[in-house]
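The next block holds one structure in the form of structure tokens; read it before the comments.
Just so it is clear: chains get the letters A, B, ... in the order the sequence lines come, proteins before strands, and each one is counted from 1.
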Amino acid sequence: MQEAIQQLLTPAGLFLIVLGAALGVFVGAVPGLTGTMLIALVLPLTYGADPQYALTLLISIYVGAISGGMITATLLRMPGSPASIVTTFDGYPMAQQGQPERALGLGVMASFIGGLISWGFLVLLARPIAVLSTSFGPFEYFSLVMMALVLIATIGGASLSKSLLSGFLGILLSMPGIAAATGQTRLTFGITELNDGFKLLPVLIGLFAINQIFRDIINLKAKSGVPAIETKGVAIRFADFLSQGFNLVRSSIIGTWIGLLPGIGANIGSVAAYSVAKSSSKTPEKFGTGHDEGIVAAEAANNATIGGALIPLVAMGLPGSVVEAVLLGALVIHGLQPGPRLFEEHPTMVYTIMGAMFLANIAMAVIMFFSMRSLAKIARIPRDYMLPVILVFCVIGSFALSNRLFDVWVMLAFGGLGFFLESKKFPLAPFVIGFVLGPIAEENLSSGLISTNGSWLPIVTRPLSVAFLGVAFVMLFLPLWKKRMHETKAARSRK
Amino acid sequence: MKFPRSVFSYLVSALICGLLVLRFIDSSGEKSTLYPNRPVQVVVPYAAGGGTDTFVRIIQKAVASKGLLPEPLVIINQPGGGGTIGSRYVKESRPDGYRILCHNEAIITSQLSGTVPFGPDDLAPIAQTGNIAPMIVVREDSRFQDLNALLAESKEKPNSLRFGADVGSLAHFMAMEIEQSSPGSAFNYITCGGGQKRFTLLLGGHLDAAIFSLSEYLAFRAANETPPHQNIRAIAVLQSNRHDAVPHVSTAMEQGVPINVSSVFYWWAPKGTPADAVDQLADMFEVAMQDPSVVEELAKISIGSGFRRGEELLDYIDKRIETLSAFAVSFPAELPNFPAWVIAIVGVFAAGIGINALLNRKVATGLSANRGERNIALTALGMLVLYIACLQWGLPYVIATTPAIFILGATIAGWDRRRLFSIGQLALLFALGSEFVFARIFTVPLP
């Protein structure tokens, strides 16, 4: 452990952490570029380097990228990853109301605390918690996805039926390509490029970035008075820590636990935390209008998923997200075999991962705090400079995914779809969550049904599964019931 | 801005000049006309960091450090579709020897299972390298001590043993080969994705057995004192010889199950690639596979150093196709038709919302833009489409990108003369700068 700490605290180690966090914040913030992409790109450059330094750099990029996504989500309403969609709910309205700095400040603070709390879990409880992630069978995954879909549909503030339609449309558009259960292609209409379906990145940047860019162009004159930045008395205060304390801790814990689940956690940690924050708030109606609690819940949970996802990685060698699958690859290339024995055989490496996450969190917070004022000005860069550059970044990002222009056309098409849906007041967040989680739900339901020879019974007999469905059910009907109660009360009082 | 405007502008211009010089400085060198005179792209049909990717990167490193080829190998990851996206891409590439594929036997099985209509016959084999031992793995506390116990139970209770293998995958074919040795036995095949997912499902008791490669097994097998429900155990090696890394695990042959398979990597070129290019690449792989550093690196991840080329390789492929095509892939029939369900749900919601909208007809709010702005947006959209189309037609990145940014920016600025110069600067700076970062530093191909 000492060895790991010593190496991290050398000038070279600290430099890599700051460099990685800064690069991560940058790619996380640019629509079209992602942390996963940068890590995959940097990986070959680290072959010659000492494995400890390589891991330090990669982890720092990871932490920076998750936090950086908040910047454009807040200022421009262009989330760089599914994880930061929830941040747009309250961050963007707050920035539009002339408080971009406060919105960013709250986000950075929440990210920092969320990262630290999940780091605590990682260091203290990695082994006992990691085992839990294997208790999740196919039916649990399916029920969890259904719950997540209901949660995202109920928190957006839009009409419930439109939200659900949007979510199922997302699932439908995730279906073309090779079906996980049968290996057969379907819904491709003879287009061979579609054999792998639509990929997440072009879909996401199409729906949000392209859609938003054209919305900005149309509203060019209407918004020529870009919100003035009020700088006095709007930055975050110490009192915010106190008033948001409970929300911070709760959201971080939710983020950590959901982050544990491979493949699913990183995407829905913030959805779940936001949903809990909203339903337990005294002022749920303020959510979605630029409310402090919303930003804090989303960002704290968001960064907490990193620690959560690293738990199965360090304890059992199981990656919790795409980024970590690449990190695992990095371990292998550097001659380390990830797996349950990683901790015993290469303790230095594991401590390096933990230490790098801790320090990168601090570096991220420092970088963001000191550049906050300049970052807030991003919202004021003349549109004629910014929009063309973002468009080209979106093109590069979509292309670089698999080195084919097909994905760029997909991005454009989803830009049109996003524009249409939003114009008709269909929320986009459920669409993305449906798109991301649909295949996971289907694959798991298929595995489950095959292993029970077609019986659906375990969905309601396995305790965790039925609990998730119960929550989904309550979230779906609670608002209706509340409304009903309200109406009868009103009717009674009228009498 | 802290700088006086002009100083900043000069700095940007200087930077642009610098990038221009950098761009042209390198391409002026004499190029030989012999193959290869530019980098050879290796398409890996899986994500960076996976098994195939790691294998290719070890070879790439050796080729570069030992100078086995005058030009470097550049890796392009094209994951998806069970490896069929990448293999199709190479199949349809120009057969000039500058784009090749590294793939495992999934190239055979994905044709046999009907996923794609092409297979080994549609590509030119270069060489076969590496050799990975597959093994049957159960949870440490499993009731199965050997392969026969597993087969006996699957015969007694057909379709009840949960065996982890994606339908149509190589593992599925191996399992069917085992099944065949004991007529009447039938596994229940469960989709289980990659090694990590398989391991998780096995530990969680959601699978009874699965196939792992030796390197996966060594990675996931925890220390001996680990509680048995958190560990895994191999019950058979599917090759003809026991493996040094796990000497106590007996082979399937020793247990009376006649199966001898290995997982190997094949290198393919598009059909029609000149024979001398194929030969030169095969020579390169032959030397690379014998290189001590490669052997050592591969041994670390339990890949043996097998090698085949030429006639021997063709025979081997034919034999594999013959063996594998003996099995008919049957698909799980009892699954609901998921797309139909989702389409139905979407339809119901859409109908409901549509009727609701008709009943409560309101004045359409629309977008509050005036015609001028809508025109700007349409022009910008047109430009974007034209830009992507230009890239599709093969216009070089910088030549397409610079005017695209300039015209988009100028359109948005309403062709305001005072801004045109700085927009032009930005366009050049961005196009050259992004090309420098991506193409030079990261060696990533741009559109």
_Contacting region of A:K424 [heavy-atom separation from chain B under 4.5 Å]_ = neither
*Under a 4.5 Å heavy-atom cutoff, which of A:L445, A:V408, A:L449, A:L172 has the most pairs with chain B?*
A:L172
*Leading residue by heavy atom contact count with chain A [cutoff under 4.5 Å; candidates B:V346, B:L203, B:I388]*: B:I388
*With a 4.5 angstrom heavy-atom cut-off, could you sort out which part of B:L381 is near chain A: side chain, backbone, both or neither?*
both
_Contact origin within B:T226 toward chain A - heavy atom pairs under 4.5 Å_ = side chain
*State the CD1-CD1 distance between A:I171 and B:I345, to the nearest 0.5 angstrom.*
7.5 Å
*Are the side chains of B:P339 and A:L187 in touch, meaning some heavy atoms are under 4.5 Å apart?*
yes
*asked:* Would you say CH2 of B:W415 has more than 12 non-hydrogen atoms from neighbouring residues, nucleotides or ligands within 6.0 angstrom?
replied: yes
*Start with the C-alpha gap between B:F430 and A:F393, add the side-chain angles, then the distance that decides, and say whether ring-ring contact (aromatic ring centres under 6.0 Å, His included) holds.*
CA-CA 10 Å; B:F430 182 80; A:F393 265 126; 5.0 Å; yes
*Within a strict 4.5 Å, meaning less than it, do heavy atoms of the A:F168 and B:I343 side chains meet?*
no
*asked:* Side chains of B:L391 and A:V395, heavy atoms from C-beta outward: is any pair under 4.5 Å?
replied: yes
*Are side-chain heavy atoms of A:S451 and B:H206 found at a separation under 4.5 Å?*
no
*Which atoms of B:L384 approach chain A - backbone, side chain, both or neither, heavy atom under 4.5 Å*: side chain
*Out of B:L408, B:I407, B:V342, which one racks up the most heavy-atom pairs below 4.5 Å with chain A?*
B:V342
_For A:P388 against B:I412, the heavy-atom pair lying closest together_ = CD-CD1, 4.2 Å
*chain A contact via B:Y89 - side chain, backbone, both or neither, heavy atoms under 4.5 Å*: side chain
_Non-hydrogen side-chain atoms of A:P382 and B:R419 separated by less than 4.5 Å_ = yes
*Below 4.5 Å from any heavy atom of chain A, which atoms of B:L426 appear? Answer side chain, backbone, both or neither.*
side chain
*Would you name the heavy atoms of A:Y385 and B:S422 that are closest together and state the gap between them?*
OH-OG, 2.8 Å
*Measuring from B:I405:CD1 to A:I390:CD1, what's the distance to the nearest 0.5 Å?*
11.5 Å
*Check: B:N188 side chain, A:I450 main-chain N or O, donor-acceptor pair, under 3.5 Å*: yes
_So for B:V43, is it side chain, backbone, both, or neither that comes closer than 4.5 Å to the heavy atoms of chain A?_
neither
*Considering only heavy atoms, which portion of B:I353 lies under 4.5 Å from any heavy atom of chain A: side chain, backbone, both, or neither?*
side chain
*What part of A:L38 gets closer than 4.5 Å to chain B, counting heavy atoms only: side chain, backbone, both or neither?*
side chain
_Counting heavy-atom pairs under 4.5 Å with chain B, which one of A:I396, A:N444, A:I213 comes out on top?_
A:I396
*Pick one of side chain, backbone, both or neither for A:L391, based on which atoms fall under 4.5 Å of a heavy atom in chain B.*
side chain
*Option in B:G352, B:A413, B:S434 with maximal non-hydrogen atom pairs under 4.5 Å from chain A*: B:A413
*Quick one: pull up CZ in A:F399 and CZ in B:F438 and give me the separation to the nearest 0.5 Å.*
11.5 Å
*Region of A:F426 that comes under 4.5 Å of a non-hydrogen atom in chain B*: side chain
*Where does A:V389 contact chain B at under 4.5 Å (heavy atoms): side chain, backbone, both or neither?*
both
*asked:* I'd like to verify something: which residue of A:L412, A:L387, A:N453 has the highest number of heavy-atom pairs under 4.5 Å with chain B?
replied: A:N453
*asked:* Counting C-beta onward and ignoring hydrogens, is there a side-chain heavy-atom pair between B:Y387 and A:V392 closer than 4.5 Å?
replied: yes
*State, to 0.1 Å, how close B:F338 and A:S446 come at their nearest heavy-atom pair, and which atoms those are.*
CE1-OG, 3.4 Å
*Taking atom CD of B:Q392 and atom CZ of A:F406, what is their separation to the nearest 0.5 Å?*
10.5 Å
_Most chain B-contacting option - heavy-atom pairs closer than 4.5 Å, from A:G454, A:S161, A:G197_ = A:S161
